Amino acid sequence: MMEHSIRIGNRLLAALPLADFHLLAPHLRKVTLEPGAVLVHSGDPIEHIYFPLSGMVAFITEMPNGQTVATAVIGNEGATGVIAALGSSRSPTTAIVRVAGSALQIAPARFQTALGRSAPLGKVVQNHALALLAQFQNVAACNALHSVEARTARWLLQTHDRTEGDALQLTQEILSELLGVRRTTVTHIIQKLRSAGAIRCNRRGIIEIDRPALEASACGCYKSMCRRIDRIVPPDGTKPRLQATTATTPQFRRANSERARSH
Ligand SMILES: [Zn+2]
């Protein structure tokens with residue numbers, strides 16, 4: 001099961017027993033997630049479901065006047081299109097790749113057929129919905145109660161969790177899109193985070209972070225959200241994050257290998 005988990009790379013799919021994963025496997029195609037690629041536009045039919053193996057996808061809500069705000073970001077702990085594909089088949093949100101990576105892609109009809117034959121796959125969908133709901137609730141509270149600076153630090157930490165290294169490919173324009181604030185506000189916030197030693201910006205606008213200083217600048221939402229999501233979708237331990245998060249990883253591995261032996 002360990003090898004199986006590593007090979008799959010998506011934390012939702014890694015939780016599946018091998019037999020259930022094999023219901024999907026013939027229909028999964030590995031694709032590259034290019035930065036800026038729009039996986040689906042709000043209101044459009046879901047053509048593909050994506051299970052990221054790496055990188056990050058932002059769920060963006062667009063207002064009629066063109067304003068945008070991110071409601072969630074997902075990496076290898078999540079998926080795009082799964083929930084919409086169960087019901088209306090039209091996407092309620094725009095999904096944009098914000099950190100390059102790769103994903104396993106499947107057609108919604110193929111996914112639904114496998115879902116009808118697999119209770120563990122139903123559990124995967126349920127866990128994904130719960131993790132996403134936890135993030136929506138947290139982001140809604142954070143947007144209403146916390147400063148733009150703290151919210152920026154939270155999005156930067158969430159992006160860092162899904163990025164290799166400490167350099168984030170986030171321009172001020174992208175941050176403006178995520179935060180739902182003007183570019184001038186982003187410029188001001190970036191300056192404040194620089195003065196706090198939480199980030200450095202190079203000439204190309206790439207943001208390099210100082211993780212401990214950035215965590216100090218963020219509100220408590222980041223940590224509480226990570227804990228909630230990690231409880232629902234166990235972490236894979238490939239990237240050290242919070243102390244509490246890392247500590248749960250060996251238990252998860254043990255649980256996985258015990259389950260593998262019992263099969
Ligand atoms: Zn907050």
Side-chain angles (χ1 to χ4, degrees), residues 11 55-63 67-78 80 92-96 98-99 127-163 166 168-201 207-233 235 239-248:
R11 283 159 57 184
M56 182 181 88
V57 179
F59 292 161
I60 303 289
T61 296
E62 291 167 284
M63 295 294 159
Q67 281 183 302
T68 62
V69 68
T71 52
V73 292
I74 57 114
N76 76 345
E77 83 289 3
T80 76
T93 184
T94 297
I96 307 180
R98 281 307 175 208
V99 175
N127 282 345
H128 168 57
L130 288 171
L132 210 49
L133 187 62
Q135 191 174 173
F136 288 156
Q137 288 168 335
N138 207 298
V139 168
C142 189
N143 283 351
L145 302 172
H146 296 147
S147 70
V148 187
E149 187 183 342
R151 280 154 49 198
T152 307
R154 172 175 55 76
W155 285 126
L156 291 176
L157 289 167
Q158 288 180 262
T159 305
H160 182 237
D161 288 341
R162 297 163 178 90
T163 303
D166 290 336
L168 311 183
Q169 313 272 337
L170 290 180
T171 61
Q172 297 201 6
E173 196 178 346
I174 293 172
L175 278 173
S176 163
E177 172 199 74
L178 290 173
L179 288 157
V181 299
R182 289 177 195 177
R183 283 281 296 278
T184 47
T185 308
V186 173
T187 306
H188 175 65
I189 295 300
I190 291 289
Q191 276 164 0
K192 282 180 84 173
L193 289 171
R194 271 166 69 175
S195 318
I199 61 172
R200 276 199 306 266
C201 300
I207 296 171
E208 206 172 305
I209 72 157
D210 179 298
R211 180 87 195 188
L214 193 60
E215 284 189 11
S217 299
C219 45
C221 295
Y222 168 74
K223 289 188 179 180
S224 63
M225 182 161 54
C226 286
R227 288 197 191 99
R228 281 182 76 183
I229 293 172
D230 285 350
R231 271 199 296 269
I232 300 166
V233 186
K239 188 167 183 189
R241 213 172 37 180
L242 295 171
Q243 216 57 45
T245 307
T246 316
T248 61

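Positions are given from 1 along the sequence. In each ligand, atom 1 is the first atom listed, and ligand 1 is the first ligand listed. No experiment lies behind these values; they were computed from the predicted model shown.
- By the 6.0 Å contact criterion, CD on Q137 is enclosed, its count of non-hydrogen atoms from other residues, nucleotides or ligands being greater than 12.
- Among all heavy-atom pairs drawn from H160 and R211, the shortest one is ND1-NH1, 2.8 Å.
- Donor-acceptor pairing under 3.5 Å is lacking for the side chains of R162 and Q158.
- Side chains of E149 and S217: no donor on one and acceptor on the other come within 3.5 Å.
- Two residues are said to be in side-chain contact when any heavy atoms from C-beta on lie closer than 4.5 Å; I174 and Q169 fail this criterion.
- The backbone N or O of E177 lies less than 3.5 Å from a partner atom in the side chain of T68, making a donor-acceptor pair.
- For the Zn ion (ligand 1), the nearby protein N/O/S atoms, meaning those under 2.8 Å, are C142 SG, H146 ND1, C219 SG, C221 SG.
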